[in-house]
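What follows is a single structure, written as structure tokens, with notes after it.
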Amino acid sequence: GKLKILKNIAEKKKLSLDEIAYMGDDINDLKVLESVGLAITVSDGHERVKNVCHYITKTGGGEHAVREICEKILEAKNINISF
């Protein structure tokens with residue numbers, strides 16, 4: 001499943017699962033979310049998923065939630081974006 005695929009990608013990139021942020025919203029994402037360093041879901045994600053995530057977006061799926069996460073990561077790295 002998804003965890004096996006992620007482990008293969010991590011191995012190829014020489015990353016540990018603790019170094020990976022993963023965003024998922026449904027129960028088929030649970031194993032991966034429980035295995036990564038930063039588990040993220042959207043505000044309208046499944047309740048079981050919300051219970052294991054480190055961060056829940058303010059926006060729902062399809063409402064720029066990925067952009068919200070990207071901006072948080074850039075902010076944490078002190079990278080300023082101006083448009």
Side-chain angles (χ1 to χ4, degrees):
K2 291 182 178 188
L3 183 55
K4 182 178 180 181
I5 293 168
L6 183 61
K7 284 181 177 180
N8 287 337
I9 293 169
E11 185 178 320
K12 287 177 185 173
K13 299 289 185 181
K14 296 184 180 10
L15 296 170
S16 71
L17 291 179
D18 285 341
E19 296 175 283
I20 295 175
Y22 182 89
M23 190 170 188
D25 68 347
D26 211 339
I27 55 174
N28 64 336
D29 295 303
L30 279 172
K31 285 183 182 178
V32 179
L33 291 165
E34 292 169 336
S35 301
V36 296
L38 179 58
I40 304 163
T41 194
V42 290
S43 63
D44 58 346
H46 192 282
E47 283 304 313
R48 283 180 57 195
V49 171
K50 288 180 181 180
N51 288 335
V52 302
C53 283
H54 302 105
Y55 184 83
I56 301 170
T57 62
K58 292 178 178 70
T59 53
E63 297 175 353
H64 309 289
V66 173
R67 180 185 178 103
E68 179 183 336
I69 296 305
C70 291
E71 288 177 353
K72 292 279 185 197
I73 291 170
L74 292 170
E75 181 182 309
K77 292 178 168 254
N78 292 317
I79 298 172
N80 187 20
I81 297 179
S82 56
F83 298 96

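Position 1 is the first residue of the sequence, and the numbers go up from there. Just so it is clear, the model here is predicted, and its values are computed rather than measured.
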Backbone N or O of D26 within a donor-acceptor pair of the D29 side chain at under 3.5 Å?
yes
Note: R67-E71 ion pair, threshold 4.0 Å (strictly below)
yes
Working to the nearest 0.5 Å, report the span between CG of L15 and NZ of K13.
8.5 Å
Any luck finding a side-chain donor-acceptor pair between Y55 and E68 under 3.5 Å?
yes
Hydrophobic cluster membership, I73 vs M23, 4.5 Å side-chain cutoff:
yes
For V42 and A65, which heavy atoms make the closest approach, and how far apart are they?
CG1-CB, 3.5 Å
Tell me, yes or no, whether the heavy-atom count around H64 atom NE2, taken from other residues, nucleotides or ligands under 6.0 Å, exceeds 12.
no
Under a 4.5 Å cut-off applied to non-hydrogen side-chain atoms, are C53 and I40 in contact?
no
Does atom NZ (K2) have a neighbourhood of more than 12 heavy atoms from anything else shown, all under 6.0 Å?
yes
Quick check on the hydrophobic clustering: are L6 and V49 connected, directly or via other members, by side-chain heavy-atom contacts under 4.5 Å?
yes
SG/C70 to CD1/I81 distance, rounded to the nearest 0.5 angstrom?
8.5 Å
Donor-acceptor pair, distance only, cut-off 3.5 Å: does the side chain of S43 make one with the backbone of T59?
yes
Has the side chain of T41 got a donor or acceptor atom that lies under 3.5 Å from a matching backbone atom of G24?
yes
salt_bridge(E75, K72) N-O dist < 4.0 Å
no
Check whether E63 reaches the backbone of G60 with its side chain - one donor and one acceptor, N or O, closer than 3.5 Å.
yes
Would you confirm whether D25, through its side chain, and H46, through its main-chain N or O, come within 3.5 Å as a donor-acceptor pair?
no
All heavy atoms of L3 vs all of V32, minimum pair found to be N-CG2, 3.5 Å
So CG of N28 and CG of L30: to nearest 0.5 Å the spacing works out to 8.0 Å
Could you go step by step and tell me if L38 and I20 meet the side-chain contact (heavy atoms from CB on, under 4.5 Å) rule?
CA-CA 6 Å; L38 179 58; I20 295 175; over 6 Å; no
Please determine whether residues I9 and L17 belong to a single hydrophobic cluster, defined as Ile, Leu, Val, Met, Phe, Trp and Tyr linked transitively by side-chain heavy-atom distances below 4.5 Å.
no
